[in-house]
Amino acid sequence: MKTTNTMRILDIDLDFFLNKIVFWKKNNKRLNEKEYIPWKKEKVIDFLENQCGLSVNNKIKGRIIKKHHEAFYFWKELIHKNELTTPFEVVHVDAHADLGLGDMSYKYIMEELLHKPVNERDSPNPKHICEGNYLAFSIANRWIGKLTYITHPKGGNDLLKEHFMNYDINSGYIQMKKMKDADNPDSILSLEPKVKFEKIALADFKDTGDFNYIVLAIPPRYTPKRADALIPIFKKYIDEI
C-alpha cells in the first residue's frame, strides 16, 4: 500500500516482451518474425498480475500510444487538467531506458531547456524529443520524483551518465545540470533537484499495483507483427482515457 500521496504511473513498452532487444533502429520496418519472438500470452498475464499487481477486475486509467514519447504529452495533458500531481513516480517497463543515450538531446536539455523557467519547459523543441529520450524531458520539467527502470534480461546498460548525479550511473539519483557547455563538466551553472533512480531486473521486480495511470506504447518499428496479438491482453487491465 502507498505510504505517501505520490501518484504513480506504470509506463510499459511492448518491446519489453520480446526474446531480444534491438538498438539503433534505422528504419520503420517491423522486426523479423523469426529473430524477435514475443512472450507467450500466459507469461504476459503472469507478469502483469503477479509482478505488476494488476487485476482485470480493477482496471487502471491509461492510454495506449504508438511512439513512446507521446507519454510526455499525455502526462502534460493530465497535469494541466489537475488530474496528475507532480512530482510523480514512474515505473518504466521497457527494453530501453529512454533517457537519451545515442542522441544529442542532452546538449539541448543542458544548454537550452534548463535555462528556461520551469513553467516554460513543457513545450520543448519537437525536433529534439523522441521515443528514446522522453523521460529525460519529463525529468527536466521536474515532473518525476522517482524513476524505477525494470530491465529486460538482455538490456539495462543504456544509461546516460551526463544526467546522473556526479556523472555516476550508480549514484542512485538522476540530477540534471544547467550548463554553458554540456561536454565540459566545469561549466555547470546550477543543479536540478535530485530524482531517485532505481534499476530492477525483471526477475526481481514485484509491485503492489497501486498505480494511478498506465501507459502502453506499441511501437511498430521496435516489434514484430506477431507482438500485436499481445495488445488485447494489456487492454483488459486498462481503462482507456
Side-chain angles (χ1 to χ4, degrees), residues 9-56 59-60 62-74 90-103 105 126 129-136 148-160 199-207 209 211 213-241:
I9 295 175
L10 180 59
D11 182 43
I12 303 175
D13 196 308
L14 192 61
D15 68 5
F16 183 85
F17 303 90
L18 302 176
N19 65 323
K20 56 192 295 188
I21 303 171
V22 61
F23 291 103
W24 324 124
K25 187 77 163 30
K26 294 183 179 180
N27 59 55
N28 291 319
K29 294 180 180 180
R30 301 302 295 262
L31 297 183
N32 185 290
E33 298 274 344
K34 295 180 180 180
E35 189 177 357
Y36 295 90
I37 311 299
W39 288 16
K40 299 289 187 183
K41 293 181 180 181
E42 294 77 14
K43 185 178 179 182
V44 174
I45 293 170
D46 180 71
F47 173 77
L48 294 176
E49 296 191 356
N50 296 319
Q51 290 189 251
C52 296
L54 304 185
S55 169
V56 294
K59 290 188 175 185
I60 296 173
R63 185 165 293 178
I64 297 174
I65 57 180
K66 280 196 173 180
K67 294 187 176 182
H68 214 153
H69 61 294
E70 293 172 45
F72 176 90
Y73 299 100
F74 176 43
V90 172
V91 176
H92 181 64
V93 179
D94 198 321
H96 310 90
D98 295 341
L99 287 168
L101 184 70
D103 64 46
S105 60
I129 187 170
C130 70
E131 54 199 324
N133 61 32
Y134 71 96
L135 285 176
T148 304
Y149 177 23
I150 313 306
T151 61
H152 189 283
K154 296 186 178 180
N157 297 316
D158 56 343
L159 302 178
L160 184 74
K199 188 171 74 168
I200 303 177
L202 166 63
D204 299 326
F205 171 61
K206 190 170 181 63
D207 200 280
F211 299 104
Y213 295 100
I214 296 178
V215 172
L216 172 65
I218 51 173
R221 67 195 298 255
Y222 285 101
T223 56
K225 179 67 176 174
R226 283 175 56 195
D228 293 352
L230 300 179
I231 297 172
I233 296 175
F234 291 92
K235 287 189 173 186
K236 292 179 181 179
Y237 301 87
I238 302 173
D239 177 13
E240 294 185 60
I241 57 173

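The basis for the numbers below is simple: all heavy atoms, side chains too, and nothing from hydrogens, waters or symmetry mates. Predicted model, so just to flag it, every value in this text is computed and none were measured.
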- Task: Using the test salt bridge (charged side-chain N to carboxylate O under 4.0 Å, His left out), find all partners of Asp207 that sit at least two apart in sequence or belong to another chain.
- Result: Arg8

- Message: Go through it in stages, so that I can follow the logic: the residues are Asp13 and Tyr222, the test is side chain to side chain contact (heavy atoms under 4.5 Å, CB included), and I'd like the CA-CA distance, side-chain angles, deciding distance and then a yes or no.
- Response: CA-CA 10 Å; Asp13 196 308; Tyr222 285 101; 5.5 Å; no

- List in chain and number order the residues that pass ring-ring contact (aromatic ring centres under 6.0 Å, His included) with His152, two or more places apart in sequence or in another chain; answer none if no residue qualifies. Phe16

- Cys52: what forms a side-chain contact (heavy atoms from CB on, under 4.5 Å) with it, not counting sequence neighbours? Leu10, Phe47, Leu48, Leu54, Phe205

- Task: Please name the pair of heavy atoms, one in Asp103 and one in Cys130, separated by the smallest distance, quoted to 0.1 Å.
- Result: OD2-SG, 3.9 Å

- With sequence neighbours left out, the residues meeting ring-ring contact (aromatic ring centres under 6.0 Å, His included) with Phe23 are His96

- For the atom pair CD1 (Ile200) and CD1 (Ile150), what is the distance rounded to the nearest 0.5 Å? 4.5 Å

- Query: Residues in side-chain contact (heavy atoms from CB on, under 4.5 Å) with Asn27, at least two apart?
  - Reply: Lys25, Lys29

- Item | For Asp94, all residues meeting side chain to side chain donor-acceptor pair (under 3.5 Å), sequence neighbours excluded | His68, His92

- Query: Is there a donor-acceptor contact under 3.5 Å from the side chain of Gln51 to the main chain of Leu202?
  - Reply: yes

- Task: Determine, step by step, whether Leu99 and Leu159 satisfy the side chain to side chain contact (heavy atoms under 4.5 Å, CB included) criterion, reporting the C-alpha distance in whole Å, the side-chain angles of both residues, the deciding distance to 0.1 Å, and the verdict.
- Result: CA-CA 7 Å; Leu99 287 168; Leu159 302 178; 4.1 Å; yes

- Message: Looking at every heavy atom in both Ala95 and Asp158, which two are closest together, and how far apart are they?
- Response: O-OD2, 4.3 Å

Tell me which donor-acceptor pairs under 3.5 Å the side chains of residues 232-241 have, and how far apart each pair is, sequence neighbours excluded?
unit_1: Tyr237; atom_1: OH; unit_2: Glu49; atom_2: OE2; d: 2.6

- Results of side-chain contact (heavy atoms from CB on, under 4.5 Å) for Asn28 - residues two or more places apart only: Arg221

- Message: Please enumerate all residues that pass side-chain contact (heavy atoms from CB on, under 4.5 Å) together with Lys225, with sequence neighbours excluded.
- Response: Arg30, Glu33, Asp228

- Shortest non-hydrogen pair, Pro38 vs Leu18, comes out as CA-CD2, 3.8 Å

- Task: Kindly give the heavy-atom pair with the smallest separation between Ile65 and Ala71, and that separation in Å.
- Result: CD1-N, 3.5 Å

- Message: My understanding is that only residues two or more places apart in sequence, or in another chain, count here; which of them pass side chain to side chain donor-acceptor pair (under 3.5 Å) with Glu70?
- Response: none

- Query: Counting N and O atoms only, with roles assigned by atom type, does the side chain of Asp98 sit under 3.5 Å from a partner on the main chain of Leu135, one being a donor and the other an acceptor?
  - Reply: no

- Interatomic distance, CG@Asp46 vs NZ@Lys40, rounded to 0.5 Å, equals 15.0 Å

- Nearest 0.5 Å please: distance from the CG atom of Asp11 over to the OG1 atom of Thr148. 11.5 Å

- Carefully, step by step, assess Ile129 and Tyr73 under the rule side chain to side chain contact (heavy atoms under 4.5 Å, CB included). CA-CA 11 Å; Ile129 187 170; Tyr73 299 100; 3.5 Å; yes

- Message: Let me confirm one number: the CD1-CD1 distance from Ile9 to Ile60, rounded to the nearest 0.5 Å.
- Response: 11.5 Å

- Under 3.5 Å: donor-acceptor pair, side chain of Tyr134, backbone of Phe72: no

- For residues Leu14 and Ile231, determine if any side-chain heavy atom of one lies less than 4.5 Å from a side-chain heavy atom of the other. yes

- Message: The criterion is salt bridge (charged side-chain N to carboxylate O under 4.0 Å, His left out); which residues satisfy it with Lys67, sequence neighbours excluded?
- Response: none

- Could you give me the CA-CA distance, side-chain angles and deciding distance for Arg226 and Ile37, then say whether side chain to side chain contact (heavy atoms under 4.5 Å, CB included) is met? CA-CA 8 Å; Arg226 283 175 56 195; Ile37 311 299; 4.0 Å; yes

- Query: Do Asp15 and Ile21 come close enough that some side-chain heavy atom pair is under 4.5 Å?
  - Reply: no

- Message: Can you list everything that forms a side chain to side chain donor-acceptor pair (under 3.5 Å) with Asn19? Sequence neighbours excluded, please.
- Response: none

